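Note that the structure is a prediction, hence the values are computed from the model and not measured. Numbers for residues simply follow the sequence, beginning at 1.
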Amino acid sequence: MSGLVLKLGPKERVLINGAVIENGDRRSRLNIVTPNANILRLRDALHPEEINTPVRRVCYIVQLVLSGDATEFDAKPQILRGLEQLSQVFQDRDSRDILDTTTAHILEKRFYPALKSLRGLLSRESRLLESVNR
C-alpha cells in the first residue's frame, strides 16, 4: 500500500482536507491512500504571531494551502518566489538540497511533503539569525 502514513499520539489532532480529526486515547497509525490529500498536523502548525522569519513565512503560506485558507493558484507563485529568495541566502549543499526538494514538491502540488521538507531549514535559519544578531 502506498501513500502517507501518519503516526498519531494519544489525543493528537490532524487536519485532513479541512476536517479536524482527533486521535483516541492510544497511539495509532493512519494510512492516507488518497493522493494529494491536504494534511496538517496541528502540533506542527505555525500561528500567525510566529511568522517572523523568511523560512517561517514560506512555511506558513504552504500551511495555508494545506488548511484550505489559500488556494494553490494564489499561493504557488508566492511560495516559489519565497523559495527563490531563500536560495540567495542558503547556499550550502544541504540547504540547497532541501530547497530543491521543496521546489519539486510544490511544482508537483505535493504540499505536505513540501512543508515537511522546508521545516528542515528552520533550525539552520535560527542559527544563522543568532550569529547575525550577536
Check [X] against [Y] and note the closest heavy-atom contact, atom names and distance.
{"X": "Leu46", "Y": "Cys59", "result": "CD1-CB, 3.7 Å"}
{"X": "Pro10", "Y": "Asp25", "result": "CB-O, 3.3 Å"}
{"X": "Ser28", "Y": "Asn23", "result": "OG-OD1, 2.8 Å"}
{"X": "Ser67", "Y": "Leu15", "result": "CA-CD2, 3.5 Å"}
{"X": "Gly9", "Y": "Arg27", "result": "CA-NH1, 3.7 Å"}
{"X": "Thr71", "Y": "Val65", "result": "O-CG2, 4.2 Å"}

From [X] [atom1] over to [Y] [atom2], what is the distance, rounded to the nearest 0.5 angstrom?
{"X": "Leu6", "Y": "Glu12", "atom1": "CG", "atom2": "CD", "answer": "8.5 Å"}
{"X": "Asp94", "Y": "Leu99", "atom1": "CG", "atom2": "CG", "answer": "11.0 Å"}
{"X": "Ser117", "Y": "Asp97", "atom1": "OG", "atom2": "CG", "answer": "9.5 Å"}
{"X": "Leu83", "Y": "Ile98", "atom1": "CG", "atom2": "CD1", "answer": "11.5 Å"}
{"X": "Arg41", "Y": "Arg13", "atom1": "CZ", "atom2": "CZ", "answer": "15.0 Å"}
{"X": "Ile39", "Y": "Ile16", "atom1": "CD1", "atom2": "CD1", "answer": "5.0 Å"}

Would you say [X] and [Y] are hydrophobically clustered, going by side-chain heavy atoms of ILVMFWY under 4.5 Å?
{"X": "Tyr60", "Y": "Phe90", "result": "no"}
{"X": "Leu129", "Y": "Val89", "result": "no"}
{"X": "Leu66", "Y": "Leu42", "result": "yes"}

> Mind checking whether Val5 and Leu30 have side chains closer than 4.5 Å, heavy atoms only?
Replying inline: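 The answer is no; the side chains never approach within 4.5 Å.
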> Should Arg96 and Ser87 count as side-chain neighbours, where that means a heavy-atom distance under 4.5 Å?
Replying inline: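 Touching, per the 4.5 Å side-chain cut-off.
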> Any donor-acceptor pair under 3.5 Å linking the side chain of Asn38 with the backbone of Asn17?
Replying inline: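 Between the backbone of Asn17 and the side chain of Asn38 there is no qualifying donor-acceptor contact (under 3.5 Å).
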> Taking the side chain from Ser95 and the backbone from Asp92, do they hold a donor-acceptor pair closer than 3.5 Å?
Replying inline: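 Answer holds: no.
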> Would you call Asp44 and Lys116 a salt bridge, taking side-chain N to carboxylate O under 4.0 Å as the test?
Replying inline: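 Between Lys116 and Asp44 there is no salt bridge, as every charged N stays at least 4.0 Å from the carboxylate O atoms.
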>> With side chain to side chain contact (heavy atoms under 4.5 Å, CB included) as the test, pick out the partner of His105 among Thr101, Thr102, Leu107.
In response: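 That would be Thr101.
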>> Name the residue from Leu64, Thr103, Leu118, Val62 that meets the side chain to side chain contact (heavy atoms under 4.5 Å, CB included) definition with Ile79.
In response: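 That would be Val62; it is the only one of Leu64, Thr103, Leu118, Val62 passing the side chain to side chain contact (heavy atoms under 4.5 Å, CB included) with Ile79.
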Show me the donor-acceptor pairs within less than 3.5 Å that the side chains of residues 50-58 make with the rest of the protein, sequence neighbours left out.
residue: Glu50; atom: OE1; partner: His47; partner atom: N; Å: 2.7
residue: Thr53; atom: OG1; partner: Arg56; partner atom: N; Å: 3.3
residue: Thr53; atom: OG1; partner: Glu125; partner atom: OE1; Å: 2.7
residue: Thr53; atom: OG1; partner: Glu125; partner atom: OE2; Å: 3.3
residue: Arg57; atom: NH2; partner: Gln85; partner atom: OE1; Å: 3.3

>> Assess the residue pair Leu4 and Tyr112 against the criterion (side chain to side chain contact (heavy atoms under 4.5 Å, CB included)); give the C-alpha distance rounded to whole Å, side-chain angles, the decisive distance to 0.1 Å, and a yes or no.
In response: CA-CA 10 Å; Leu4 177 67; Tyr112 182 81; 3.8 Å; yes
> Stepwise, does the side chain to side chain contact (heavy atoms under 4.5 Å, CB included) test hold for Val14 with Val20?
Replying inline: CA-CA 6 Å; Val14 64; Val20 175; over 6 Å; no
